[in-house]
Amino acid sequence: MGFSADTLRDRVAIVTGASQGIGRAIAVEMAKVGADVMACSRRVAALESVAAEVREHGRRALAVACDVGDARQVDEAVAQTLSAFGRIDLLVNNAGYRIRSPLEDLPRHEWDAMVQTNLTGVFLFSQAVGRVMIKQGRGKIVNVSSVAGRNGVRGMAAYAAAKAGVTVLTQSLGAEWAKHGITVNAISPTFVRTPQVASLLADDAFRERLYARIPLHRIAETDDLVGAVLFFCSDASAFVTGQVLTLDGGLTATQ
């Protein structure tokens, strides 16, 4: 990844949505560069292998079941992290949820679920961890937004609206919490090769249409995102806050 084993040496990180895909990759790479990791998702059983891999790299790990949209569970997860590690230096808000549906057919409970996970969850974890970081006088928060929050996507209006909220929340907190020594930034990827996307890519016609729109003629791999997250978590980004880095292979450059 271009980072040393000491890049995040002895820092404590929380990664949400860490049981698979992007979140898992971030959690493991953080351990490789020196961080202790609290990995959370809704199902703790799915996190055990992630925690084990973190420990294989010589770092401490904690696996916590948490629905990011539930304030009580978020507060408990933060409390468990403090109890285990004594502080929190880094937060990566990665947990996400989406379905495709024409807006006219989207059930209200699905709208609520996407807003709750994709936006309210970022608010709740940022608020709870932000209070800890304010007392510490330092910290770094990285949010996972999406290019859908910039341009909109047919059939994914609720998801796009929530991700647009994440983008503006990132910019607002970056400005608001700078006085406390806290930086808040985000990455904004397009399609990433994860289990959720695998079924879409299995459709040859869909895949070719998608690749034709992206100048690099491929979608992102999880490693393409992890480097940007580590940059925002590292001292190399000490003068960067309130920024959103687009990771889309050039897609939005042509729109």
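The first residue of the sequence shown is numbered 1, and numbering continues consecutively from there. All of these numbers come straight from a predicted model, not from anything done at the bench. As a basis for the values below, the full set of heavy atoms in this structure was taken, side chains included, without hydrogen atoms, waters or symmetry mates.
A salt bridge does not link Arg150 to Asp248: none of the charged nitrogens lies less than 4.0 Å from a carboxylate oxygen. Ion pairing of Arg43 with Asp67 is absent here, as no side-chain N (NZ or NE/NH1/NH2) approaches a carboxylate O to less than 4.0 Å. A salt bridge is absent between Asp75 and Arg72; no separation between the charged side-chain nitrogens and carboxylate oxygens falls under 4.0 Å.
Rounding to the nearest 0.5 angstrom, the gap separating the CZ atom in Arg87 from the CD atom in Gln136 is 7.5 Å. Distance CG/Leu216 to OG1/Thr190: 11.5 Å, rounded to 0.5 Å. Separation of atoms CE (Met114) and OG (Ser101) is listed at 7.5 Å; rounding is to 0.5 Å. The line from CZ of Arg11 to OG of Ser234 is 7.5 Å long, rounded to the nearest 0.5 Å. A distance of 10.5 Å separates CD in Glu208 from CG in Leu201, rounded to the nearest 0.5 Å. For the atom pair CG (Leu225) and CG (Leu230), the distance works out to 11.0 Å, reported to the nearest 0.5 Å.
The backbone N or O of Leu251 lies less than 3.5 Å from a partner atom in the side chain of Thr254, making a donor-acceptor pair. In this structure a side-chain-to-backbone donor-acceptor pair under 3.5 Å is missing from Ser83 to Ala79.
The environment of Arg42 atom CZ is sparse: at most 12 non-hydrogen atoms of other residues, nucleotides or ligands sit within 6.0 angstrom. Within a 6.0 Å sphere centred on CZ of Arg138, other residues, nucleotides and ligands contribute 12 heavy atoms or fewer.
With Asn143 as reference, Thr170 is the one residue of Asn185, Thr167, Thr170 to meet the side-chain hydrogen bond (donor to acceptor under 3.5 Å, both in side chains) rule.
Judged as a side chain to side chain contact (heavy atoms under 4.5 Å, CB included), and not counting sequence neighbours, the contacts of Arg131 are Gln127. Checked against side chain to side chain donor-acceptor pair (under 3.5 Å), Asp112 has the following partners two or more places apart in sequence or in another chain: Arg108. In this structure Leu245 satisfies the side chain to side chain contact (heavy atoms under 4.5 Å, CB included) test together with Ala228, Phe232, Leu247, sequence neighbours excluded.
Of the N and O atoms on the side chains of Asn151 and Thr252, not one donor lies less than 3.5 Å from an acceptor on the other residue. Using modelled atom types and a 3.5 Å distance limit, the side chains of Arg24 and Ser49 yield a donor-acceptor pair. Between Glu110 and Tyr159, the side chains place no donor N or O within less than 3.5 Å of an acceptor N or O (distance only, hydrogens not considered).
Proximity of Phe3 to Cys233: side-chain heavy atoms (C-beta onward) are nowhere separated by under 4.5 Å. Side-chain contact between Thr183 and Phe239 is absent, with no heavy atoms from C-beta onward closer than 4.5 Å.
One hydrophobic cluster holds both Val184 and Val74 under the rule that ILVMFWY side chains link at heavy-atom gaps under 4.5 Å.
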